[in-house]
Every structure is written in structure tokens, then in C-alpha cells.
2 protein chains.
Amino acid sequence: MYGCGMSLTHALLGLLAVEPRSGYELTKAFETDLGRYAWQAGHTSIYPELGKLAERGLVEVTAEGARGSKTYTVTDAGRTELRTWLMSPPTRQGKVRNEQVLRMFMLSALDPADAVVVLERIAVSTGEQAEVLRAIREQAGPVEPGPEGFGQLAAEYGLRQFEAVHTWALWAMEQLREPVARS
Amino acid sequence: MYGCGMSLTHALLGLLAVEPRSGYELTKAFETDLGRYAWQAGHTSIYPELGKLAERGLVEVTAEGARGSKTYTVTDAGRTELRTWLMSPPTRQGKVRNEQVLRMFMLSALDPADAVVVLERIAVSTGEQAEVLRAIREQAGPVEPGPEGFGQLAAEYGLRQFEAVHTWALWAMEQLREPVARS
DNA sequence: ACCATACATGTCAAAAATGACATGTCGAAA
DNA sequence: TTTCGACATGTCATTTTTGACATGTATGGT
């Protein structure tokens, strides 16, 4: 009976399924989009988890390089485990923790004037981040097959997410500024 | 020096700022939209946290009702703490953990045929959930001032989120089905 | 030769979260 | 009247996560 906090396990398995990497490289991956939108983790949880994964036979150390680096590769058992997780319908909804979204939900604790200030900041921030991703998309061109293509899928996901929050924030400000509509 | 996992603290403070509630009612609140999109927590973390909040003078027990229930009310200090948190610009990006989004990022570990199956499921699921929220919005009418109005803001946020993921999933399926565009 | 920086891995105590267990109340239906 | 389910609060051992600390290597600049 293994514990149920399997998400880090699968995040690691998923990254290694694309290509073998060292713990250090995996840590870097969590500092980009993956960690920003999907799942954050630091090296202090990644290294021990890699050890457990190796014990369970889901990954293997296939090379040791300079500066003591160890390259991990996913095994067949690991691939099976990952596919099972991805293909299984999410029975109970997965864990969700997002501090930014929490702030939005807590807006009701502010008076409307303060809420508008916070919404304004959200609108600016998401607008900028969407702009960055749009620029990246232009450079990349059409979606190609293979791992890079999948990366573009994730980037597009992030872009649409930011755009949605951006327009929502603008809409919400409008609602708060406009006094209640009279009949 | 208090720990830095302050999000549950502020979630509780924010809920109590709208109206006084018991631990049980707060737990229920985390089982709805708040827990689904923003921050999940069970009663086993809520009750101890309420105790700590009371110790720090941020909330008070203002009534004890039937079946041993205790109604907590936020104090002035609690309101100040909450406002400080909400109005402070998010210096380093907040913690993010979302199992669903993680699955989307890990799609690259599947072959395109399997990925399309998963995307299909996401599209159906988000489409349904968006439909539910749209129905709720129709019943509720225009956004009004006060706490209910803010609740509508959060609902609209959820709706737009689902719509964005829905159209993204459809788009992504299109990309995967269509073989690479020839020049 | 020295130094800063990025590379690279780890431990460990403390804090936080989870799941299992435990206890008891109140109202309504059978 | 008894039993069921919702109400209501809690503990506790285990697991998970974090932040601080610790160690050492290769590279490029000065």
C-alpha cells in the first residue's frame, strides 16, 4: 500500500518518459512552466523521490557523469505506471492549490474600491504574461509532432488561461465600478 | 516567527470576513468552488488552524450553539492581516498545485492516439461543468453589490476557466489529429 | 592563481497535510 | 423507540513538504 500523494511521482515519470535526465535537470524543469502552472517542487523533494522511484523499479540510473551527476531513465514498469495514471479517469477530483486563485476568491473580503485595485493588478499581470506567450508562439510556428509539439500544447494552454483571467478581471472591474443597475 | 504556509490562514480569514461561521460550515465551504478551484483543505487541518488563529488573536469564538458548535468571528487584527495579504503585490509567485493541469503537461508521454482520448475526456468534462455554471448564471441575474455579488464574480471566473480549457482541448485534439502541415 | 558562478547532490529538523480513528448530538422517519 | 444520517468537533500517527545547512566540481573571467 503506497501513499496517495502520487502526483510528484507521475510528474517525474512523465518528464523522464520524454527523455532521460539528471535530478538537477528535473529540478530546472520544475522552475519553468511546469512549476508555474501545474506542480511545484524543489530539489529537496525531487532527489528523495527519485530514490524511492528507483527502489520501486520505475526508474533506473543509466549514466553517471561529471560532478557526480546521475542520469535517470524510466523503465518499462515506469511507463506502464505513468500510462495507467494518465489514462485512468480522475475518479475523485485531484488536489488543487493555487494562491493566486485563492486571492480572487477572497476579494469579497475587501470593499469594492480595494477590490478594483487588486483586479487592476491582476489584469495588468495576466495581460503581460499572455503577451510573452503570444510572442513565443509566433516564433515557434505551427505545432509539430513529437515532444516539442506537446510543449507547444502546454504553452497554448497557459496562454489561453492568462487570456481568460485577463478578460475576466476587466469584466469584474466593470461590474464593481458600475453601481447596481436600476430597473 | 510563524511558518510561511499562510494560505490556509488567509482562506479562513477571508471566509470569516464575509460572515461568522463554525468550523463545520467552513469545512463545507472548502468542499464547493473554493476547494475545487482555489484551495482544498479538510476538517483535520481547518480545526487546528482555527485554534492557532484564535491564539494569535485574529479570530474569536463569539457564540457556542447546539452540538458543541463554535461560531468564529474575525477580529480587527484579523481583518488587517487579511487586507495586508490581499493588497500586497505577490512578490514571488504563489504555490501552485493542480493535478488536472499536471496531466495536461504530461500528455507528451503518451502517443498521440492515447493523448486524443485523454483530451476528449477533458473536453467533455469541462464542457459539462461550464454548462452547469452557465445555467446557474442565468438564474442569478445581474451582478449585485455585497457578498453574493462577489460570489458571482468567482462563479464567472470558474465558468471562463472551464470554457478556456474546453476550447483548448478541442484545439489540441485538432492539432494532434492533423498530421504535420506540409510546405 | 584566484574567484565567482553554475553545476550537482544530498541530509535533517521542523512544519504542514492526510487518513484513520474517536466521540457525541440532534431530528426525522420507520 | 430505535435507528439512520447529518451535524459537529477533535486527536494522532504517518507522510509530505519546506528551508536551512552542507559538500564538492567544472568553467570562464581576471
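Quick note on labels: first sequence line is chain A, next is B, and so on, each numbered from 1.
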Requested in this report: Look at all strands and tell whether A/S69 reaches a base, only sugar-phosphate, or nothing, counting heavy atoms closer than 4.0 Å.
Outcome: sugar-phosphate

Query raised in the report: If you look at every strand shown and take non-hydrogen atoms under 4.0 Å, does A/E64 touch a base, only sugar-phosphate, or nothing?
Result: nothing

Report summary line: Residues passing the side-chain hydrogen bond (donor to acceptor under 3.5 Å, both in side chains) test with B/T73, sequence neighbours excluded, are B/T62

Query raised in the report: Expressed in angstrom and rounded to an integer, what is the separation of B/H43 atom NE2 from D/dT11 atom C1'?
Result: 9 Å

Query raised in the report: Checking all strands, does A/T27 fall into the base, sugar-phosphate, or nothing category for heavy-atom contacts under 4.0 angstrom?
Result: nothing

Query - Minimum side-chain heavy-atom gap A/E31-A/T27 below 4.5 Å - result: yes

Query raised in the report: Is a side-chain N or O of B/T167 found less than 3.5 angstrom from the main chain of B/E163, in a donor-acceptor match?
Result: yes

Requested in this report: Whole angstrom is fine here: how far is it from CD in B/Q40 over to C1' in D/dT17?
Outcome: 14 Å

Query raised in the report: CG of A/L8 versus C1' of D/dT16: gap in Å, rounded?
Result: 10 Å

Query - Ring-face cation contact, A/W39 with A/R97, 6.0 Å cut, 45° max - result: no

Query - Between C1' of D/dC7 and NZ of B/K70, the distance in whole Å - result: 15 Å

Query raised in the report: Rounded to the nearest Å, what distance is computed from the CG atom of residue B/L50 to the C1' atom of nucleotide D/dG10?
Result: 12 Å

